[in-house]
Amino acid sequence: MNLDQYTTLRVAVDAGVAWITLDNPPVNVLSGTLIRELHDFLGTLRDDRSVRVIVFSSANPELFIAHVDIHILDEMDELQGIADRNPDANLFQGVGELLRHQPQVTIVKLGGKARAGGAEFVAAADMAFAARETAGIGQSEVLMGIVPGGGGTQYLRERVGRNRALELLLTGDLMDADTAAAYGWINRAVPAAELDAFVKGVAEKIAALPPELIAATKQLVPPTDLTDGLRAENDAWAELMSGALPARLMTGALEHGAQTPAGERDLESVMRSVAVGL
């Protein structure tokens, strides 16, 4: 396994655990490069029986994955090959579906914020544990004039129920770790000072099990088939994206600091101020 080929992933493998640090400065957007490298690396791991757990964290203490790169639509032709790997999902849904169907146990260690595509990534993993004082998660697409296009509507409904999913999807609010845990969006909130040790303990306990036992357990608790819902989500997302409002909102967001460290600290306020100004 050639780990030097990756530019947005830092990878260490130890005692059956692959520790993946997402490192795509300045704010860890889900860019075309990050999508490509996630597909390549996770594909490489699929048949590696020596790796039983995959833990994702971020090199940026404030941001896990900010959201999908606002400029990514300019790269869609180059990314078509990756999109074609999963005919039942679009490019963005494909990231979540890759995670949901990975044979290894996937864990997110959430120390900072994850919005939109970042929140979808968190929900797609098998487990997620978050720092109580610093983590936040939000399905913020409504603030950009669209619905989630990476599986968020389906993942949220499955994790938190319809009523809470509607609340999160329609307000676009950033939820703190304790609320996210109470809703079922993540497994639990842990004091920030204890998060590393806690996740390490969970990962090592699982990795110490025989691979056959892990595989059997995952097969007995399989991911739900969301094909129809994902297709409907993509259709709604594509229709909204074809309108003029999302482009104006996204352009305004970039002008007001989106995808910069300062702007991403309170992206909800940035987006709401842009909407008011249109």
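Counting from 1, the numbers follow the sequence of the chain as shown.
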Under 3.5 Å: donor-acceptor pair, side chain of Asp178, backbone of Arg132 | no
CA sep, side-chain torsions, deciding dist, call: Glu268, Ser140, side-chain hydrogen bond (donor to acceptor under 3.5 Å, both in side chains) = CA-CA 7 Å; Glu268 292 74 20; Ser140 53; 5.1 Å; no
Taking all atoms of both residues into account, what is the closest heavy-atom pair of Arg46 and His101, and its distance?
-> NH1-O, 3.3 Å
Leu63 versus Arg115, closest heavy-atom pair with distance | CD2-NH1, 4.3 Å
Other residues, nucleotides, ligands: >12 heavy atoms within 6.0 Å of Arg100 CZ = yes
For Gln259 and Val68, the nearest pair of non-hydrogen atoms, with its separation, is OE1-O, 3.9 Å
Flag the pair Leu34 / Leu9 as yes when at least one side-chain heavy-atom distance between them is below 4.5 Å, and no otherwise.
-> yes
For the side chain of Glu141 and the backbone of Ile146, is there at least one donor-acceptor N/O pair under 3.5 Å apart?
-> no
Counting distance only, does the side-chain N/O of Asn86 pair as donor-acceptor with the main-chain N or O of Glu97 below 3.5 Å?
-> no
If only atom types and distance count, is the side chain of Glu37 paired as donor or acceptor with the main-chain N or O of Tyr6 below 3.5 Å?
-> no
Crowding at CG, Asp84 (>12 non-hydrogen neighbours, <6.0 Å) | yes
Min side-chain heavy-atom separation Glu120-Val95 under 4.5 Å | no
Rounded distance (nearest 0.5 Å) linking atom OG of Ser269 with atom NE2 of His256 | 12.5 Å
For Gly138 and Ala119, which heavy atoms make the closest approach, and how far apart are they?
-> O-CB, 3.5 Å
Yes or no on side chain to side chain contact (heavy atoms under 4.5 Å, CB included) for Leu195 and Thr134, after CA distance, side-chain angles and deciding distance?
-> CA-CA 11 Å; Leu195 183 62; Thr134 58; over 6 Å; no
Side-chain atoms of residues 235-243: list all donor-acceptor pairs with protein atoms under 3.5 Å, sequence neighbours left out, distances to 0.1 Å.
from, atom 1, to, atom 2, distance (Å)
Ser242, OG, Glu239, O, 2.6

Treat each ILVMFWY residue as a node, draw an edge where side-chain heavy atoms are under 4.5 Å apart, and state whether Ile206 and Val108 are in one component.
-> no
Neighbour count >12 (heavy atoms, 6.0 Å) for atom CZ, Arg157 = no
Check: Arg49 and Glu212 side chains under 4.5 Å, non-hydrogen atoms | yes
Is Arg272 paired with Asp173 through a side-chain N to carboxylate O contact shorter than 4.0 Å?
-> yes
Check whether any side-chain heavy atom of Thr21 lies under 4.5 Å from a side-chain heavy atom of Trp19, and answer yes or no.
-> no
When hydrophobic residues are tied together by side-chain contacts of less than 4.5 Å, even through go-betweens, does Val202 share a cluster with Leu213?
-> yes
Considering all heavy atoms of both residues, which atom of Val53 and which atom of Ala207 are nearest to each other, and what is their separation?
-> CG2-N, 3.7 Å
Yes or no on side chain to side chain contact (heavy atoms under 4.5 Å, CB included) for Leu230 and Asp88, after CA distance, side-chain angles and deciding distance?
-> CA-CA 8 Å; Leu230 291 173; Asp88 294 323; over 6 Å; no
Quick check: does any side chain N or O of Glu62 sit under 3.5 Å from a backbone N or O of Pro261, one acting as donor and the other as acceptor?
-> no
Do Leu38 and Leu30 touch side chain to side chain, with heavy atoms closer than 4.5 Å?
-> yes
Stepwise side-chain hydrogen bond (donor to acceptor under 3.5 Å, both in side chains) check, Asn28 with Asn60 | CA-CA 7 Å; Asn28 265 13; Asn60 186 323; 5.7 Å; no
Find out if a path of hydrophobic residues (ILVMFWY) with successive side-chain heavy-atom gaps under 4.5 Å connects Tyr155 to Ile35.
-> no
Residue pair Leu143, Val274: steps toward the side chain to side chain contact (heavy atoms under 4.5 Å, CB included) verdict = CA-CA 9 Å; Leu143 303 178; Val274 169; over 6 Å; no
How long is the span from the CD atom in Gln104 to the CD1 atom in Ile54, to the nearest 0.5 Å?
-> 4.0 Å
Kindly indicate whether the side chain of Phe129, heavy atoms from C-beta on, has any atom under 4.5 Å from the side chain of Glu194.
-> no
To the nearest 0.5 Å, what is the distance between CZ (Arg36) and CD (Glu78)?
-> 6.5 Å
Hey, mind stepping through Thr227 and Asp225 against side-chain hydrogen bond (donor to acceptor under 3.5 Å, both in side chains) and telling me if it holds?
-> CA-CA 6 Å; Thr227 302; Asp225 184 352; 2.6 Å; yes
Check salt bridge (Lys or Arg N to Asp or Glu O under 4.0 Å) between Lys109 and all other residues, then give those that pass, not counting sequence neighbours.
-> Asp196
Can you find a heavy atom in the side chain of Leu99 that is under 4.5 Å from one in the side chain of Leu42?
-> yes
Is there a path from Leu156 to Phe121 through hydrophobic residues (I, L, V, M, F, W, Y) whose side chains come within less than 4.5 Å of each other?
-> yes
Quick one: do Ile214 and Val51 end up in the same hydrophobic cluster if we chain Ile, Leu, Val, Met, Phe, Trp and Tyr together by side-chain heavy atoms under 4.5 Å apart?
-> no
Taking side chain as C-beta onward, heavy atoms only, is Ile82 less than 4.5 Å from Arg85?
-> yes
Between CG on residue Leu91 and CD on residue Glu75, distance to nearest 0.5 Å | 9.5 Å
Which value, rounded to the nearest 0.5 Å, describes the distance between Ile65 atom CD1 and Leu22 atom CG?
-> 5.0 Å
For Ala66 and Val29, work out which heavy atoms get closest and say how close.
-> CB-CG1, 4.3 Å
Within the distance-only criterion (no hydrogens, no angle test), does the side chain of Gln139 pair as donor or acceptor with the backbone N or O of Leu169 below 3.5 angstrom?
-> no
Looking at CG of Leu267 and CZ of Arg265, how far apart are the two atoms once the value is rounded to the nearest 0.5 Å?
-> 12.5 Å
Take Met127 and Val105 through the test side chain to side chain contact (heavy atoms under 4.5 Å, CB included) and record every step on the way to the result.
-> CA-CA 8 Å; Met127 306 175 196; Val105 175; 3.9 Å; yes
Give the intermediate values and the outcome of side-chain hydrogen bond (donor to acceptor under 3.5 Å, both in side chains) for residues Gln154 and Glu233.
-> CA-CA 8 Å; Gln154 305 306 295; Glu233 179 189 83; 5.0 Å; no
Donor-acceptor pair, Thr224 side chain versus Leu226 backbone, under 3.5 Å?
-> no
Please check if the side chain of Asp176 supplies one atom and the backbone of Gly136 the other of a donor-acceptor pair under 3.5 Å.
-> no
Is the side chain of Asp126 donor-acceptor paired with the backbone N or O of Ile107 at a distance under 3.5 Å, no angle test?
-> no
Taking the side chain from Gln93 and the backbone from Asn90, do they hold a donor-acceptor pair closer than 3.5 Å?
-> yes
